[in-house]
J.: 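Just passing along the structure, written as structure tokens.
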Amino acid sequence: MIYTHTIGRIGKDCRVITGTHGTFMAVDIAVDDYSKGRNITTWVRVKSSKENHIRLAEYLTKGRMVLVEGTLTSSIWTDRNGENHIQHSIIADSIAFVNTGKKETADNTATQVRKAVKAEGNTPEPPADAPQDKDEDLPF
């Protein structure tokens, strides 16, 4: 048994599948490896039948970066052309979202506009007892 910790980006929205063996979630993630100046992408299927992972499935959407911990397995499958391929799978014990840094959002743009307007001097200062926006106090 190989226990692994893997970080990757979700390639397609998560699917919840109900079958004869119960309900489980499945999602494919792209794991990038930078080696010798080249980027190699390996696709890994993540599966879990844990109830909390099934509830989490609606948030596992395309493009999100996740950290997955679990047992790694591999199998061989044959495509329509008769070529063999390896399918890596992780039976997840833990799934966590990875923060990739500060994202440009409407709130960030609004802060920039307020700063520009203040710099021009066209708006009066807010009352002294009003809460002040301080960028250095932000938790991110």
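This structure is a prediction, so every number in the text was calculated from the model and none was measured.
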J.: Of the non-hydrogen atoms in Ile86 and Ser74, which two are nearest, and what is the gap between them?
T.: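 Looking at all heavy atoms of both residues, the closest pair is CG2-CB, 4.1 Å.
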J.: Find out whether Leu60 and Ile95 are in side-chain contact, i.e. whether some heavy atom of one side chain is under 4.5 Å from a heavy atom of the other.
T.: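 In short, these two side chains touch, coming nearer than 4.5 Å.
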J.: What is the minimum heavy-atom distance between Ala92 and Lys50, and which atoms define it?
T.: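 In terms of heavy atoms, the two residues are closest at O-CE, 4.1 Å.
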J.: In chain order, what residues pass the side chain to side chain contact (heavy atoms under 4.5 Å, CB included) check against His21, with sequence neighbours excluded?
T.: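 With neighbours one apart ignored, the set is empty.
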J.: Among all residues two or more places apart in sequence or in another chain, which pass the side chain to side chain contact (heavy atoms under 4.5 Å, CB included) test with Tyr3?
T.: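 For Tyr3, the residues satisfying side chain to side chain contact (heavy atoms under 4.5 Å, CB included) (neighbours in sequence not counted) are His5, Glu69, Thr71, Asp93.
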J.: List the residues meeting side-chain hydrogen bond (donor to acceptor under 3.5 Å, both in side chains) with Ser75, not counting sequence neighbours, and say none if there are none.
T.: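 With sequence neighbours excluded, Ser75 shows a side-chain hydrogen bond (donor to acceptor under 3.5 Å, both in side chains) to no residue whatsoever.
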J.: Mind checking side chain to side chain contact (heavy atoms under 4.5 Å, CB included) for Thr23 and listing every partner two or more places apart, or none if nothing turns up?
T.: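 Side chain to side chain contact (heavy atoms under 4.5 Å, CB included) list for Thr23, sorted by chain: Val16, Thr18, Ile54.
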J.: What distance separates Thr6 OG1 from Ile90 CD1, expressed to the nearest 0.5 Å?
T.: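 These two atoms lie 3.5 Å from each other.
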J.: Under the side-chain hydrogen bond (donor to acceptor under 3.5 Å, both in side chains) rule, collect the residues that match up with Thr73, sequence neighbours excluded.
T.: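 side-chain hydrogen bond (donor to acceptor under 3.5 Å, both in side chains) check on Thr73 returns nothing, list empty.
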J.: Write out all pairs satisfying salt bridge (Lys or Arg N to Asp or Glu O under 4.0 Å) with one or both partners inside residues 23-44, taking only residues at least two apart or from two chains.
T.: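 Of all non-adjacent pairs touching residues 23-44, those that pass salt bridge (Lys or Arg N to Asp or Glu O under 4.0 Å) are Asp28-Arg45.
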J.: Just to verify, what does Glu83 make a salt bridge (charged side-chain N to carboxylate O under 4.0 Å, His left out) with, not counting sequence neighbours?
T.: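 For Glu83 there are no salt bridge (charged side-chain N to carboxylate O under 4.0 Å, His left out) partners, ignoring immediate neighbours.
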J.: Only pairs at least two apart or in different chains count here, so list each ring-ring contact (aromatic ring centres under 6.0 Å, His included) that has a residue in residues 53-91.
T.: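 Found Trp77-His85.
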J.: Any chance you could pull the hydrophobic cluster mates of Met65, using side-chain heavy atoms under 4.5 angstrom and chaining through other members?
T.: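 ILVMFWY cluster around Met65 also holds Ile7, Leu67, Val98.
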J.: Given a cutoff of under 4.5 Å between side-chain heavy atoms of I, L, V, M, F, W and Y, with clusters grown through shared members, what are the other residues clustered with Ile91?
T.: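 Under the 4.5 Å side-chain rule, Ile91 groups with nothing.
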J.: Members other than Met1 in its cluster, when Ile, Leu, Val, Met, Phe, Trp, Tyr link by side-chain heavy atoms under 4.5 Å?
T.: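 Traced through the cluster, Met1 reaches no other member.
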J.: I'd like to know if Trp43 and Ile76 are part of one continuous hydrophobic network [Ile/Leu/Val/Met/Phe/Trp/Tyr, side-chain heavy atoms within less than 4.5 Å].
T.: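 Shared cluster, no.
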J.: Once rounded to the nearest 0.5 Å, what's the spacing between atom OG1 of Thr78 and atom CG of Asn84?
T.: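 Atom-to-atom, Thr78:OG1 and Asn84:CG are 4.0 Å apart.
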J.: Can you name the side chain to side chain contact (heavy atoms under 4.5 Å, CB included) partners of Ala26, sequence neighbours left out?
T.: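 Scan of Ala26 (side chain to side chain contact (heavy atoms under 4.5 Å, CB included), adjacent residues dropped) gives Arg15, Ile17, Phe24, Lys47.
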J.: Without swapping roles, check the side chain of Asp13 against the backbone of Thr61 for a donor-acceptor pair under 3.5 Å.
T.: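 Side chain of Asp13 to backbone of Thr61: no pair is present.
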